[in-house]
Amino acid sequence: MNITPRVRFAPSPTGYLHVGGLRTALFNFLFARHHDGKFILRIEDTDRNRFVDGAVENLISTLHWTGLDYDEGPDKGGDYGPYIQSKRLDIYRTHAQELIKKDKAYYCFCSPERLSMLRQEQKHTKDQAKYDKFCLNLTPEEIQKNLSALKPYVIRLNVPQNQIIEIDDVIRGRVEFNSETLDDQVLIKSDGYPTYHLANVVDDHLMKITHVIRGEEWLSSTPKHILLYDFFGWNRPVFAHLPLLLNPDRSKLSKRQGDVAVEDYRAKGYLKEALINFVALLGWNAGDDKEFYYMNELIEKFSLASVNKAGAIFNTEKLNWLNAEHIRNKNSVELLPELRSALKNSVYDESFFSDEYLTKVIDSMKERITFVSEVITKSPYFFAEIENYDPDVIKKRWTVETPVYLSKLSEEFSLLNNPGKEDFENALKKTTENLNLGIGKLIHPLRLAVSGMGAGPGVYDILFIIGKEKTIDRIKKAIEKLS
RNA sequence: GGCGCGUUCGUCUAGUGGCUUAGGACGCCGCCCUCUCAAGGCGGAGAUCACGGGUUCGAAUCCCGUACGCGCUACCA
């Protein structure tokens with residue numbers, strides 16, 4: 001049997017893409033690409049109370065940014081559309097009717113009041129909270145009467161009694177449930193919309209989904225889904241329930257305890273490569289020590305069998321390291337757009353810098369940063385003149401003789417014609433020889449003069465990047481200000 | 001409360017009965033390199049493999065129980 005796997009990412013449009021959702025999407029994507037299968041995006045918007053304007057568009061654009069491109073989806077089309085559940089309402093209705101005909105589902109006219117009373121009572125007697133199948137005993141006449149009186153109703157799943165339901169989960173192995181513990185789940189709500197349980201089963205079947213890869217929070221409701229597959233007479237897909245992403249306190253990852261939206265991480269300056277790499281490692285490992293991955297390597301190595309069972313805390317320390325690693329592994333031209341956009345959001349948004357200049361700046365700072373925006377914050381001297389000199393560095397590196405030495409050096413520099421790095425270096429060495437000084441006596445105050453600080457790229461790199469004129473100018477200003 | 005899942009350094013993890021005095025990575029600390037800061041190299045601290053029983057010549061690895069954590073328990077997904 002060699003069928004093409006078809007998997008899906010089925011988020012509900014809450015307004016943003018949750019990092020847990022990103023992880024689910026990624027694992028689906030990796031599985032599909034690894035097996036030359038199809039990856040489908042389906043929007044589960046069956047809760048009209050939670051409708052958020054523009055949420056779908058936002059989700060799609062964020063997903064697009066991450067590079068998790070799908071083969072079929074709302075904006076992409078495909079043979080099994082529509083891919084938005086709110087546009088498939090009559091499909092669910094027809095299927096619910098089919099279940100009613102088979103006595104596998106039934107109309108329920110119970111009021112919310114009765115339901116909550118029932119629940120309270122069960123809570124009191126410490127019974128399991130379950131619908132009591134009251135409406136299952138309605139006669140056809142009563143049902144018809146209620147229906148023509150337009151009495152609000154839901155359609156419920158008729159869960160059989162005392163039946164063992166087995167799930168063979170790829171990640172967790174065999175899991176058993178007794179149908180006694182299952183509630184007669186609402187399938188169609190009183191507003192005519194389906195619940196997740198009905199919609200996801202119907203759609204997965206109609207869209208020919210072969211593997212359902214989703215978060216562990218769905219494991220408990222899987223027996224209800226299995227029941228539905230059986231009632232419809234459909235083959236079940238393969239199930240794989242992924243471990244949850246956790247807050248630092250080990251509860252399910254949520255807002256309130258930090259950022260959960262992919263957009264937030266993007267805005268903070270995380271590279272999509274780093275985010276994908278990091279999220280892939282949360283719950284998956286190839287069985288070796290490799291930690292730095294590109295997407296194509298993930299696709300190649302990924303396997304559901306090597307997914308962990310236990311939840312993982314979303315701890316950004318390692319994400320930061322991976323971001324720095326991915327920055328170091330990119331060339332300066334690739335990083336240029338990132339710097340440009342960081343610049344646009346900085347105080348230097350009005351200033352002009354050439355691509356050539358910024359590229360040199362990036363090269364000099366690339367391995368000293370965790371975020372591209374730190375090029376600006378950690379080396380502002382590449383973007384503006386020096387306003388402040390680090391007092392600690394002044395204290396440590398600036399002596400009474402320094403102005404004299406630097407003047408000599410400046411004279412030497414002024415002799416240079418279109419100098420390169422080595423020319424600056426040679427000029428400095430020549431000056432120290434003439435003055436009979438150790439090289440440090442010049443190099444440290446020089447760094448202070450041209451950068452205002454004590455840390456950064458090699459001085460000759462800085463000099464070369466800012467150029468001879470600015471170098472001489474800054475030396476002069478430093479002498480004025482610090483003497 | 002019920003049902004389900006899980007439990008290896010602070011965190012992410014390797015480990016599928018002997019190769020393990022439990023390996024790697026992040027973070028932390030120290031040393032080296034060095035014009036500074038990084039990067040890099042080397043080293044260190046850090047896990048009685050949740051606990052208790054078994055099975056076995058031998059268990060982090062298999063079985064049972066307990067504890068703890070988490071998830072679900074909606075006309076939310």
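In what follows, chains carry the letters A, B, and so on, assigned in the order in which the sequence lines appear, proteins first and then strands, with residues in each chain numbered from 1. Quantities reported herein were computed from a predicted structural model and do not represent experimental measurements. Hydrogens, waters and symmetry mates play no part in the numbers below; they use all other heavy atoms, side chains included.
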Which part of the nucleic acid, if any, lies within reach of A/E44 when heavy atoms closer than 4.0 Å are counted: base, sugar-phosphate only, or nothing? sugar-phosphate

Could you tell me whether A/S221 contacts a base, only the sugar-phosphate backbone, or nothing, with contacts defined as non-hydrogen atoms closer than 4.0 Å? nothing

B/rC26, OP1 or OP2 - any side-chain N/O from A/N315 closer than 4.0 Å? no

Roughly, in whole Å, what's the span from CG in A/N49 to C1' in B/rA74? 12 Å

Say whether A/Y92 and A/D203, considering side chains only, have a donor N or O and an acceptor N or O under 3.5 Å apart. yes

Atom P, compared across B/rA22 and B/rG46: separation rounded to whole Å: 12 Å

Please give the distance between the C1' atoms of B/rU16 and B/rG10 as a whole number of Å. 27 Å

How do A/E176 and A/H444 order along RNA chain B: which one's closest nucleotide is nearer the 5' end? A/E176

Separation of the P atoms in B/rC62 and B/rU7, to the nearest angstrom: 11 Å

Nearest-Å distance for atom pair CG/C1', residues A/L242 and B/rG71: 14 Å

Using a cut-off of 4.0 Å on non-hydrogen atoms, how would the nucleic acid contact of A/P457 be classed: base, sugar-phosphate, or nothing? base

Nucleotide B/rA50, atom P - distance to CZ of A/R250 in whole Å: 13 Å

Residue-phosphate contact under 4.0 Å: A/K309 side-chain N/O, B/rU8 OP1/OP2: no

Would you indicate which nucleotide in B/rC72, B/rA38, B/rG27 comes nearest to any side-chain atom of A/E317? B/rG27

So A/G287, base contact, sugar-phosphate only, or nothing? Heavy-atom distance under 4.0 Å. sugar-phosphate

Just name whichever nucleotide pairs with B/rG30, Watson-Crick or G-U, keeping both distances under 3.5 Å, else none. B/rC42

Can A/K429 and A/E425 be counted as an ion pair, charged N to O under 4.0 angstrom? yes

Please report the distance, rounded to the nearest Å, between CD1 in A/I362 and P in B/rA38. 21 Å

Taking only Lys NZ, Arg NE, NH1 and NH2, and the carboxylate oxygens of Asp or Glu, determine whether A/E44 and A/R42 approach each other closer than 4.0 Å. yes

May I ask you to say what A/G283 touches in the nucleic acid, namely base, sugar-phosphate or nothing, with a heavy-atom cut-off under 4.0 Å? sugar-phosphate

Kindly say whether, by distance alone, the side chain of A/T181 makes a donor-acceptor pair under 3.5 Å with the base of B/rG2? no

Could you check whether A/S451 gets within reach of a base, just the sugar-phosphate, or nothing at all, counting any heavy atom under 4.0 Å? nothing

What does A/V154 touch in the nucleic acid at a heavy-atom separation under 4.0 angstrom: a base, only the sugar-phosphate, or nothing? base

Give none if B/rA14 has no partner; otherwise give the nucleotide forming a Watson-Crick or G-U wobble pair with it, both distances under 3.5 Å. none

Expressed in angstrom and rounded to an integer, what is the separation of A/L253 atom CG from B/rC12 atom C1'? 15 Å

A/F177 or A/W284, whichever maps to the more 5' nucleotide of RNA chain B: A/F177

Scanning all shown strands, the Watson-Crick or wobble mate of B/rC72 with both distances under 3.5 Å is B/rG2

Taking the C1' atom in each of B/rU48 and B/rG41, what is the distance between them to the nearest angstrom? 33 Å

Does A/K268 make a cation-pi contact with A/Y265, if we ask for NZ or CZ under 6.0 Å from the ring centre and within 45° of the axis? yes

Short N-O contact, A/D132 and A/R114, less than 4.0 angstrom: yes

Taken to the nearest whole Å, NZ/A/K290 to C1'/B/rC12 is 16 Å

Work out how far the C1' atom of B/rC28 is from that of B/rG69, and round it to whole angstrom. 27 Å

What is the pairing partner of B/rA47, taking Watson-Crick or G-U wobble pairs with both distances under 3.5 Å in any strand? none

Give a yes/no answer on whether the side chain of A/R119 brings an N or O atom under 4.0 Å of OP1 or OP2 in B/rC75. yes

Sidechain N-carboxylate O distance under 4.0 Å for A/D184, A/K130: no

Counting only side-chain nitrogens and oxygens, does A/K189 get under 4.0 Å of the OP1 or OP2 atom of B/rC76? yes

N-O pairing of A/R328 and A/E325 below 4.0 Å: yes

C1' spacing across the pair B/rC5 / B/rC42, given as an integer number of angstrom: 43 Å

Write down the distance separating the P atoms in B/rG18 and B/rA60, rounded off to the nearest Å. 11 Å

Which part of the nucleic acid does A/V186 contact within heavy-atom distance under 4.0 Å: base, sugar-phosphate only, or nothing? sugar-phosphate

In this structure, how many angstroms lie between the C1' atom of B/rC35 and the NZ atom of A/K396, rounded? 11 Å

OP1, OP2 of B/rA74 versus side-chain N and O of A/T195: anything below 4.0 Å? no

Measure CD/A/E367 against C1'/B/rU36 and give the value in whole Å, please. 14 Å

B/rG52 -> Watson-Crick or G-U wobble partner, both distances under 3.5 Å, gives B/rC64

Report which part of the nucleic acid A/R172 touches: base, sugar-phosphate, or nothing (heavy-atom distance under 4.0 Å, all strands). sugar-phosphate

A/R236 bridged to A/D168 by N-O distance under 4.0 Å: no

